[in-house]
Amino acid sequence: MSSAAAKPILYSYFRSSCSWRVRIALALKGIAYDVVPVNLLKDGGQQLAIIHYLEDTCPNPRLLPQDLKKRAQVRMIADHIVSGIQPLQNLSVLKQMGEKKMEWAQNCIASGFQALEQTLEHTAGRYCVGDEVSMADLCLVPQVFNAERFKVDMGPYPTITRINKALLELEAFKVSHPSLQPDTPAELRA
């Protein structure tokens, strides 16, 4: 992003939660980019650093609230998802679980969602923290998608479900969806 004429390149995997968070941030900030698909065979790593870079270099719209308490809440929720839930169901971990991978993923997500639901009951407005889209929301949507992939019962998580539904109505979340990416297999395309 050093040259105004050059579009940034996002090395992305269609179903990567990390890539998806970055695609949402780019779409929210109206930044055109080129995609270079990467077929991940192992954990692609955390990419919140890219989102923080976008926040520092393209501050509008904000993904971190100006209010310091709300900013801390956003970071707490985002960190909980990207560090406490998502890594436990990555491909490298699931391979080690063998035949128990579905049960493992369900348990990890459910445990994380129990804590997240309690937090969101205190922080949520329309979205995770109040009524403005934040980094926390960029983390929530891909994780709910993974929960659905692993057939997690979302009944116990009405706040998570409500927020996810509201976010999926926003254009940035629609265009960044895994079913619309250039490397999405034909059978998974929208």
Side-chain angles (χ1 to χ4, degrees), residues 1-40 44-83 85-86 116 120 123-148 159-185 188-190:
M1 296 180 66
S2 58
S3 168
K7 286 198 288 188
I9 296 172
L10 176 62
Y11 295 88
S12 179
Y13 179 62
F14 79 102
R15 199 162 48 197
S16 163
S17 297
C18 301
S19 297
W20 193 358
R21 292 189 290 263
V22 174
R23 291 192 306 263
I24 296 167
L26 290 165
L28 282 169
K29 292 182 176 288
I31 299 171
Y33 62 97
D34 291 323
V35 173
V36 175
V38 176
N39 188 353
L40 297 180
Q46 301 300 325
Q47 295 175 352
L48 274 177
I50 294 172
I51 297 171
H52 284 287
Y53 174 80
L54 292 173
E55 186 69 0
D56 291 341
T57 59
C58 306
N60 291 310
R62 284 189 313 270
L63 297 177
L64 284 171
Q66 287 184 309
D67 178 85
L68 295 180
K69 182 177 180 183
K70 286 184 177 181
R71 184 178 286 233
Q73 291 170 332
V74 165
R75 287 185 168 137
M76 175 184 66
I77 293 165
D79 288 348
H80 175 72
I81 295 169
V82 303
S83 299
I85 304 173
Q86 189 240 329
L116 182 59
L120 293 175
T123 64
R126 180 162 175 79
Y127 307 119
C128 286
V129 178
D131 295 328
E132 294 182 21
V133 174
S134 71
M135 285 183 194
D137 301 298
L138 278 59
C139 298
L140 180 75
V141 170
Q143 187 55 62
V144 172
F145 178 83
N146 287 338
E148 292 168 349
T159 309
I160 293 171
T161 300
R162 176 186 58 75
I163 295 168
N164 185 66
K165 184 177 184 218
L167 290 164
L168 287 175
E169 293 172 3
L170 301 175
E171 187 63 20
F173 288 81
K174 289 178 184 177
V175 301
S176 62
H177 195 278
S179 64
L180 299 175
Q181 301 312 303
D183 59 328
T184 304
L188 298 176
R189 288 195 165 274

> Under the ring-ring contact (aromatic ring centres under 6.0 Å, His included) rule, what pairs show up with a residue in residues 161-185, not counting sequence neighbours?
Replying inline: Trp20-His177, Phe145-His177
Close side-chain approach of [X] to [Y], heavy-atom, < 4.5 Å:
X      : Y      : value
Arg21  : Pro142 : yes
Leu180 : Thr184 : no
Gln86  : Cys18  : yes
Glu171 : Lys174 : yes
Ile77  : Asp137 : no

Please report the interatomic distance [atom1]([X]) to [atom2]([Y]), rounded to the nearest 0.5 Å.
X      : Y      : atom1 : atom2 : answer
Leu140 : Met135 : CG    : CE    : 15.0 Å
Cys128 : Met76  : SG    : CE    : 10.5 Å
Ile24  : Leu170 : CD1   : CG    : 9.5 Å
Leu64  : Gln73  : CG    : CD    : 12.5 Å
Leu116 : Cys139 : CG    : SG    : 10.5 Å
Leu168 : Asn164 : CG    : CG    : 4.5 Å

Residue pair [X] / [Y]: nearest heavy atoms and the distance that separates them:
X      : Y      : value
Ser12  : Asp183 : O-OD2, 3.7 Å
Leu63  : Ala25  : CD1-CB, 3.9 Å
Ser176 : Ala172 : OG-O, 2.8 Å
Val74  : Ala136 : CG1-N, 3.6 Å
Thr159 : Ala124 : CG2-CB, 4.1 Å
Arg15  : Pro178 : CA-CB, 4.2 Å

With a 3.5 Å distance limit and no angle check, can you tell me whether [X] reaches the backbone of [Y] through a side-chain donor-acceptor pair?
X     : Y      : result
Ser17 : Gln143 : no
Arg23 : Phe14  : yes
Asp56 : Tyr53  : no

>> Quick one, Leu138 with Leu167, criterion side-chain contact (heavy atoms from CB on, under 4.5 Å). Give me CA distance, side-chain angles, the key distance, then yes/no.
In response: CA-CA 9 Å; Leu138 278 59; Leu167 290 164; over 6 Å; no
Can you give me every donor-acceptor pair (side chain of residues 26-34, partner residue at least two apart or in another chain, under 3.5 Å) with its distance?
| from | atom 1 | to | atom 2 | distance (Å) |
| --- | --- | --- | --- | --- |
| Lys29 | NZ | Glu55 | OE1 | 3.0 |
| Lys29 | NZ | Cys58 | O | 2.4 |
| Lys29 | NZ | Pro61 | O | 2.8 |
| Asp34 | OD1 | Lys7 | NZ | 3.2 |

> Considering residues at least two apart in sequence or located in another chain, which fulfil the salt bridge (charged side-chain N to carboxylate O under 4.0 Å, His left out) criterion with Arg189?
Replying inline: none
